[in-house]
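Notes follow once the structure below has been shown.
Proteins get letters first, then strands, A, B, ... in listed order; numbering begins at 1 in each.
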2 protein chains.
Amino acid sequence: MMNSSRSDAEIISAFRSKGFKATSQRIAICRHVLCSEEHPNAQRIYDEVRRTHPTVSLATVYKTLAVLKELNLIQELLVKQGEARYDPIVVPHLNLICNRCGVVRDVKDGNLKIIIENAAKLARFSPSGQSFIIYGLCNICKAIKDSARDVK
Amino acid sequence: MMNSSRSDAEIISAFRSKGFKATSQRIAICRHVLCSEEHPNAQRIYDEVRRTHPTVSLATVYKTLAVLKELNLIQELLVKQGEARYDPIVVPHLNLICNRCGVVRDVKDGNLKIIIENAAKLARFSPSGQSFIIYGLCNICKAIKDSARDVK
DNA sequence: TTTATTGCAAAGCTTTTGCAGGATA
DNA sequence: TATCCTGCAAAAGCTTTGCAATAAA
């Protein structure tokens with residue numbers, strides 16, 4: 001299993017190492033984003049964090065996500081128009097996204113690192129991040145779709 | 001060079017094959033999107049198409065892009081928040097995007113097809129499309145950035 | 001002639017911004 | 001204590017939608 005859980009201490013020093021302050025809002029947001037496998041969007045993070053920090057604002061969530069991107073602790077996944085989701089796994093990997101239910105699954109592939117290096121060399125490009133998305137249907141939604149077709 | 005130019009006749013039959021009408025606006029939009037290597041966004045396509053079709057609307061551009069996606073003639077690239085760009089190459093490939101100047105370059109890689117198949121098999125997923133983006137700096141912007149650093 | 005499409009304007013949404021009050025180091 | 005951060009509300013920006021007029025088949 002790919003896992004990116006981090007302790008509060010690690011999170012706090014990550015913030016401070018680049019001059020950011022480790023506020024309670026930021027730590028709470030990190031707990032949800034960095035330890036989650038559900039690839040939440042900003043609204044979802046906001047809803048979750050409000051359960052423990054009722055006064056937190058959506059603006060703070062967005063600002064914190066920007067900091068986490070800068071610290072390279074999360075990868076932004078632009079899943080579709082107007083929907084950014086966040087993945088705590090920042091090493092090259094595949095994100096399989098179901099067009100029907102929206103579930104996002106991480107899949108490792110050891111070849112991706114070399115593929116990126118080769119492309120960068122060929123194009124004389126200096127890579128700093130990536131987003132590898134495969135769109136389609138998860139097995140559950142595929143089954144639902146197939147059975148719906150049989151009914152017709 | 002990767003090339004996806006298509007004749008008007010091909011475009012017209014692609015529309016009609018699925019019951020869409022081949023209007024002059026749609027054909028003009030296709031000429032710009034399907035024969036371009038610049039990965040334009042909707043506004044850019046609108047600006048270009050208006051040179052020959054001054055009355056075309058941005059809404060029509062968006063509606064046509066949705067049809068082209070449905071026909072699998074273009075791939076939508078969600079480059080960053082609020083910026084969708086369009087690529088006429090729909091087979092799996094890499095898009096190298098410069099964070100500084102925004103240029104998008106296509107790079108082929110024959111391994112991607114198998115990588116997608118393997119991930120799909122492992123996750124029991126039915127793939128229908130993909131978007132493989134590498135973010136970073138193109139060689140020109142890298143050089144500019146390096147020289148700016150030297151000055152300091 | 002029927003049906004789909006256009007173009008306009010308004011609405012919708014996510015995300016960003018400005019700023020006064022407040023927390024952190 | 002100086003600086004950064006929060007939360008609010010407004011603004012911004014891209015995209016979508018509703019509808020009457022128009023064009024395609």
Side-chain angles (χ1 to χ4, degrees), chain A residues 8-9 11-30 32-33 39-71 74 76-86 102, chain B residues 8-9 11-30 32-33 39-71 74 76-86 102:
Chain A
D8 284 2
I11 292 168
I12 290 170
S13 45
F15 277 118
R16 292 187 181 160
S17 70
K18 294 263 178 83
F20 295 105
K21 291 181 176 174
T23 65
S24 66
Q25 292 92 332
R26 285 179 173 170
I27 294 168
I29 290 165
C30 286
H32 283 287
V33 180
H39 304 78
N41 59 19
Q43 181 68 49
R44 175 88 175 123
I45 296 163
Y46 173 62
D47 293 340
E48 287 294 321
V49 171
R50 265 212 302 190
R51 291 161 62 172
T52 53
H53 292 68
T55 67
V56 78
S57 72
L58 191 50
T60 296
V61 172
Y62 277 108
K63 287 168 187 167
T64 299
L65 290 170
V67 172
L68 293 178
K69 275 193 279 180
E70 189 173 336
L71 296 175
I74 57 173
E76 188 173 63
L77 288 179
L78 301 173
V79 168
K80 57 182 177 182
Q81 301 285 18
E83 182 171 356
R85 296 175 66 168
Y86 297 90
Chain B
D8 284 2
I11 292 167
I12 290 170
S13 45
F15 278 117
R16 293 188 181 160
S17 69
K18 294 261 179 84
F20 295 106
K21 292 181 177 175
T23 65
S24 66
Q25 292 92 333
R26 286 179 172 170
I27 294 168
I29 290 165
C30 285
H32 283 287
V33 180
H39 304 78
N41 60 17
Q43 181 68 50
R44 176 87 174 124
I45 295 163
Y46 172 64
D47 292 340
E48 286 294 321
V49 171
R50 265 212 301 192
R51 291 160 61 171
T52 53
H53 292 68
T55 66
V56 79
S57 72
L58 191 51
T60 296
V61 172
Y62 277 109
K63 287 167 187 167
T64 300
L65 290 169
V67 172
L68 294 177
K69 274 193 280 180
E70 188 174 336
L71 296 175
I74 57 173
E76 189 174 62
L77 287 179
L78 302 173
V79 168
K80 56 182 178 182
Q81 302 284 17
E83 182 170 356
R85 296 176 66 167
Y86 297 90

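More than 12 heavy atoms of other residues, nucleotides or ligands shown are found within 6.0 angstrom of NZ on A:K69.
For the pair A:K18 NZ and D:dC4 P, the interatomic distance rounds to 16 Å; values are reported in whole Å. Rounding to whole angstrom units, CZ of residue B:R26 and P of C:dG7 are separated by 11 Å. Distance CG (A:L65) to C1' (C:dT16): 13 Å, rounded to an integer number of Å. The CZ-P distance, from A:F15 to C:dA23, rounds to 18 Å in whole Å. Atom CG in B:N41 sits about 8 Å away from atom P in D:dC14, given to the nearest Å. In this structure, CD of A:Q81 is placed 19 Å from P of C:dG12, rounded to the nearest angstrom. The CZ-P distance, from A:R44 to C:dT14, rounds to 15 Å in whole Å. The distance from atom CD of A:E83 to atom C1' of D:dC14 is 15 Å, rounded to the nearest whole Å.
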Nucleotide by nucleotide, 5' to 3', does protein get under 4.0 Å of the base (B), only the sugar-phosphate (S), or neither (-) in nucleotides 17-24 of chain D, counting heavy atoms? BB-----B
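No side-chain heavy atom of B:N41 sits under 4.5 Å from any side-chain heavy atom of B:Y46. At least one side-chain heavy atom of B:K18 sits less than 4.5 Å from a side-chain heavy atom of B:L71.
Nearest-nucleotide mapping onto DNA chain D: of B:E76 and A:H53, the residue sitting toward the 5' end is A:H53.
Between A:S57 and D:dC8 there is no side-chain polar atom (N or O) within less than 4.0 angstrom of OP1 or OP2. Put simply, B:Q25 has a side-chain N or O that comes within less than 4.0 Å of OP1 or OP2 on C:dG7.
For the atom pair CD1 of B:I27 and OG1 of B:T52, the computed distance is 11.5 Å after rounding to the nearest 0.5 Å. In this structure, CG on B:L77 lies 10.0 Å from CD on B:E83, to the nearest 0.5 angstrom.
Annotation: cation-pi pair A:R26/A:F20 absent, no NZ/CZ under 6.0 Å from the ring centroid and within 45° of its normal.
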Show your working on side chain to side chain contact (heavy atoms under 4.5 Å, CB included) between B:T64 and B:I45 and close with a plain yes or no. CA-CA 11 Å; B:T64 300; B:I45 295 163; over 6 Å; no
